[in-house]
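Down below is the structure, laid out as structure tokens.
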Amino acid sequence: MSAEPNAPSAAAPSDFIRDIVARHVAEKRYPKIVTRFPPEPNGYLHIGHAKAICLNFGLARENHGICNLRFDDTNPLKEDVEYVDSITADIRWLIAGWADHCLGFKPKGALPANTTRDGRPDFYLGSVDPSTLNSQLSTGSANAEPFFASDYFDALHDFAVELIKRGQAYVDDLSPEETDAYRGAPDKPGRDSPWRNRSVDENLDLFARMTAGEFPDGARTLRAKIDMASPNVWLRDPLLYRIRHAPHYHAGDKWCVYPLYDYAHCLSDYIEGVSHSACSLEFVPHRALYDWILAALGLPRPLPRQYEFAKLVPTYTILSKRNILRLVKEKVVTGWDDPRLPTISGLRRRGIPASAIRNFVIGVGVTTFNSVTEIAVFEHAIREELNTIAHRRLAVLRPVKLVLTNISAGESIECEATNDPQNENPTTRKILLTREIFIDADDFAEVPPPKYFRLKPGGEVRLKYACIIKCDEVVKDAAGAVTELRCTADRATRAGQPDSARKVKGTIHWVSATESIDAEVRLYDRLFTVPEPGAEEDFMTVVNPHSLDTVTARLEPSLGSAKPDDRFQFERLGYFTLDPDSSASHLVFNRTIPLKDTWAKK
RNA sequence: UGCCUGGUGGUGUAAUGGCAGCACAGGCGACUUUGACUCGCCUAGUCGUGGUUCGAAUCCACGCCGGGCAGCCA
């Protein structure tokens, strides 16, 4: 249906926000559908952000619009370029081939000084074609960059002056503690500040001096003049600007007053020509303020509107920045890109395709209900995607030596193995069967449980792509541990041979002991042992001690030339990908996810 | 206890006054040189009580239960 490469198999279902946008498109309310994804550059993106990203970019994609990546960087104390770079890279990876053509980037240096009659910079009005910018970017040009709220500090300042002139904002001298006390409580009205009724001229003068750096941090603020008795506490004369004598990572050292979120966000949306501003449910009480500011300034319509939806809460996962940081700091994980973490960089390193993340977050839908999504839904999306793209290989995680006594030492038997059985016309490769091979420890049981289809003393199994073997002898060491299995191969059961159709219950994977290579393989499991670690008093007490198991595996030789983006299915085991820790002399693979195992459950 | 907001199988969602559907999970079976995949079948739901209506998950009232809001964070 879609011509888009790498498009999700399922179209995004309709939801209340899409319905609203569709209505607005039908009535031509906006010249263009413009959305935005507005992270603060103070941490890494995680799968929860992926939901917001796919909603905002999806809306743009479905309505021939654009979605701006805008850094909401109004707090100089918490932000850094390090995060700008990682967030930008994560987003580009996440939407590549799906909605990257909708990514709104602006030409470097195109700042709001270059404005049109209604005060908006001209880059959103169509004078710059986002697709041109994106092609510049993808060819390595540094001529385009994301949007930054801090690029609007001049415009925001001018709007603040306008608000003062309209009598809608005032400079307050209350201390932070007094401000709190005057605000009242949700069930108790606040009180007017004694500074609330200063003249416009005095406010103008004071705000200019605040901006000029005359006052120390915390001495004064700029506040909207709304209603200290409002039942909505966010309308009790919210702060617009605070004094912060600190340099800004992007805006430099020009400013010592910085706008607050509520003030900066709606106006940044306005400046960029955003039509639909989607955020999470905790901002519902802020919407009245969003609308108030735009109205108080008398800005021309159509104005952007805020819509709120529920965040993603997956089971067995922790998503808050603070908590992920704690896992990193206390070395439960190795870093922000640890494959056990729900960060985008972690998921990517784990080998999860961007398309699987997209399909998952799109599939859960967009509602206003605080729901919990079972991680199994994500796991299904991962397997579904990997099953179609991953090439099959043979690998043995916990090798046990097996000697085929009727194959001579120098002999090697060529077997044809299928790379991509999920395709209509699968390709194949050759693997070698030799006298000595390895099989997985799990695939042999000296005293088998009921219904055990694998190898057991005196029993038969098929070696995948090769032949049926029979276990004649179990060799053990002094301690009683199995050191070697001695079997006979039935060559007539090979593909193309007379008995090739002979059936046995079990088929197991294997690699030649001599024609195989060593690799470190990291087996990951859920990071937490309970479905809702966030509900625990301390989630550290429910960290899964077995979330990482590292083994030295034997792989078929072709895996030696694996590339970082390759995805493999090690047959009967799971999906694997090369880890960046790999080097020419030391291969490292990550298990992205095991295959579904209905046998193990029983 | 002020204001805002929500409640559909175990979980996530759809149905926008007209057959409660889909996906995941779970169960049974078929197929299988992956105990995977695929295919077939099954289990299971409208928070409660009234009302409006020919007809209510949907509209109204009351109740019950949950989430959010009092940063010079975003």
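These numbers were taken from a predicted model, which means no experiment stands behind them. Lettering of chains follows the sequences in order, A, B, ..., and the numbering in each one begins at 1. Values reported hereafter were calculated over all heavy atoms of this structure, with side chains retained and with hydrogens, waters and symmetry mates removed.
Side-chain contact between A:F37 and A:N68: absent, with no pair of heavy atoms (C-beta onward) separated by less than 4.5 Å.
Residue contacts for A:L289: at a heavy-atom cut-off of 4.0 Å it reaches no nucleic acid atom on any strand shown. Residue A:K503 is in sugar-phosphate contact alone, with no base atom involved, counting any heavy-atom pair closer than 4.0 Å across all strands shown. Among the heavy atoms of the strands lying under 4.0 Å from A:T74 are primed sugar atoms or P, OP1, OP2 only; no base atom is included. Within the 4.0 angstrom heavy-atom criterion, base atoms lie near A:P421. Residue A:A376 is classed as a sugar-phosphate contact, given heavy-atom separations below 4.0 Å to backbone atoms only. Using a 4.0 Å heavy-atom criterion, one finds that A:Y258 contacts no nucleic acid atom at all. If you check every strand for non-hydrogen atoms under 4.0 Å, A:I508 touches nothing. Within 4.0 Å of A:A495, counting heavy atoms only, lies at least one base atom of the nucleic acid. Note on A:H286: a base of the nucleic acid sits closer than 4.0 angstrom, heavy atoms only. Residue A:N232 is classed as having no contact, given no heavy-atom separation below 4.0 Å to the nucleic acid. Residue A:E571 is in base contact, counting any heavy-atom pair closer than 4.0 Å across all strands shown. In this structure, A:R454 reaches the bases: a heavy-atom distance under 4.0 Å links it to at least one base atom across the strands shown. Note on A:A466: a base of the nucleic acid sits closer than 4.0 angstrom, heavy atoms only. Contacts of A:F378 with the nucleic acid, taken as non-hydrogen atoms under 4.0 Å apart, are absent.
The side chain of A:T598 places an N or O atom within less than 4.0 Å of a non-bridging phosphate oxygen (OP1 or OP2) of B:rA36. At the phosphate of B:rC73, neither OP1 nor OP2 sits under 4.0 Å from any side-chain N or O atom of A:R322. Note on A:R572: a side-chain N or O is less than 4.0 Å away from OP1 or OP2 of B:rG35. The side chain of A:K451 places no N or O atom within less than 4.0 Å of a non-bridging phosphate oxygen (OP1 or OP2) of B:rG35. Close to B:rA25, at under 4.0 Å from its OP1 or OP2, lies no side-chain N or O of A:R383.
Atom CG in A:D291 sits 7.5 Å away from atom CD in A:Q306 (nearest 0.5 Å).
Along RNA chain B, the nucleotide nearest A:L281 and the nucleotide nearest A:R462 are compared for position; the residue whose nucleotide lies closer to the 5' end is A:R462. The nearest heavy atom of RNA chain B to A:L463 and to A:H380 marks one nucleotide each, and the one closer to the 5' end goes with A:H380.
Comparing the C1' positions of B:rG21 and B:rU46 gives an interatomic distance of 13 Å, to the nearest angstrom. Spacing between B:rC47 and B:rA14 at atom P, rounded to whole Å, works out to 14 Å. Annotation: B:rU58 and B:rU1 have their P atoms spaced 25 Å apart (nearest Å). The same atom, P, is picked in B:rU11 and in B:rA20; the two are 22 Å apart, to the nearest Å. A gap of 24 Å separates the C1' atoms of B:rA25 and B:rA57, to the nearest Å. Rounded to the nearest Å, the gap between the P atom of B:rG6 and that of B:rU13 is 14 Å. B:rG7 sits 10 Å from B:rC59 when the P atoms are compared, rounded to a whole Å. With both ends at atom P, the span from B:rC39 to B:rA44 equals 24 Å, rounded to whole Å.
The glycosidic torsion of B:rG71 lies within 90° of 0, placing the base in the syn range.
Ring geometry for A:H265 versus A:Y261: interplanar angle of 30 to 60°, hence tilted.
Here the options are A:R502, A:K505, A:R454, the test is salt bridge (Lys or Arg N to Asp or Glu O under 4.0 Å), and the partner is A:E460; only A:R502 passes.
Checked by distance alone, A:Q569 brings a side-chain donor or acceptor within 3.5 Å of a matching partner on the base of B:rU34. Residue-to-nucleotide contacts include a donor-acceptor pair under 3.5 Å from the side chain of A:E374 to the base of B:rG10.
The aromatic ring of A:Y261 does not stack onto the base of B:rA74, failing the criterion of a centre distance under 5.5 Å from the six-membered base ring together with planes under 30° apart.
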Pairs under 3.5 angstrom, nitrogen or oxygen only, protein versus nucleotides 13-16 of chain B, please.
from	atom 1	to	atom 2	distance (Å)
B:rU13	OP1	A:T367	OG1	3.0
B:rU13	OP1	A:S371	OG	3.2
B:rU13	O5'	A:V364	O	3.3
B:rU16	O4	A:D19	OD2	2.3

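By the 6.0 Å and 45° rule, A:R191 stacks over the aromatic ring of A:Y182. Cation-pi geometry between A:R220 and A:F215 is satisfied (NZ or CZ under 6.0 Å from the ring centre, within 45° of the ring normal). Cation-pi contact between A:R526 and A:Y316: present, with separation from the ring centre below 6.0 Å and deviation from the ring axis of at most 45°.
Considering all non-hydrogen atoms of both residues, A:E79 and A:D72 come closest at OE2-O, 3.7 Å.
Side-chain atoms of A:D187 lie closest to B:rU1 of the nucleotides B:rA74, B:rU1, B:rC69. Ranking B:rA74, B:rA70, B:rC37 by closeness to the A:K596 side chain, first place goes to B:rC37.
A:T493 and A:D490 form no side-chain donor-acceptor contact under 3.5 Å, judged by distance and modelled atom types alone. Residues A:S277 and A:R36 have side chains that bring a donor and an acceptor to within less than 3.5 angstrom of each other.
Counting heavy-atom neighbours within 6.0 Å of A:K470 NZ, excluding the residue itself, gives a total of 12 or less. More than 12 heavy atoms of other shown residues, nucleotides or ligands fall within 6.0 angstrom of atom NZ in A:K430.
Remark: B:rC64 base-pairs with B:rG7. Criterion, Watson-Crick or G-U wobble with two distances under 3.5 Å. Searching all strands for a Watson-Crick or G-U wobble partner of B:rG35 with both distances below 3.5 Å returns nothing.
For the segment residues 216-227 of chain A, the set of residues with a heavy atom within less than 4.0 Å of an atom of RNA chain B comprises A:G218, A:T221, in numerical order.
Remark: A:E571 does not engage A:R393 in a salt bridge, criterion side-chain N to carboxylate O under 4.0 Å.
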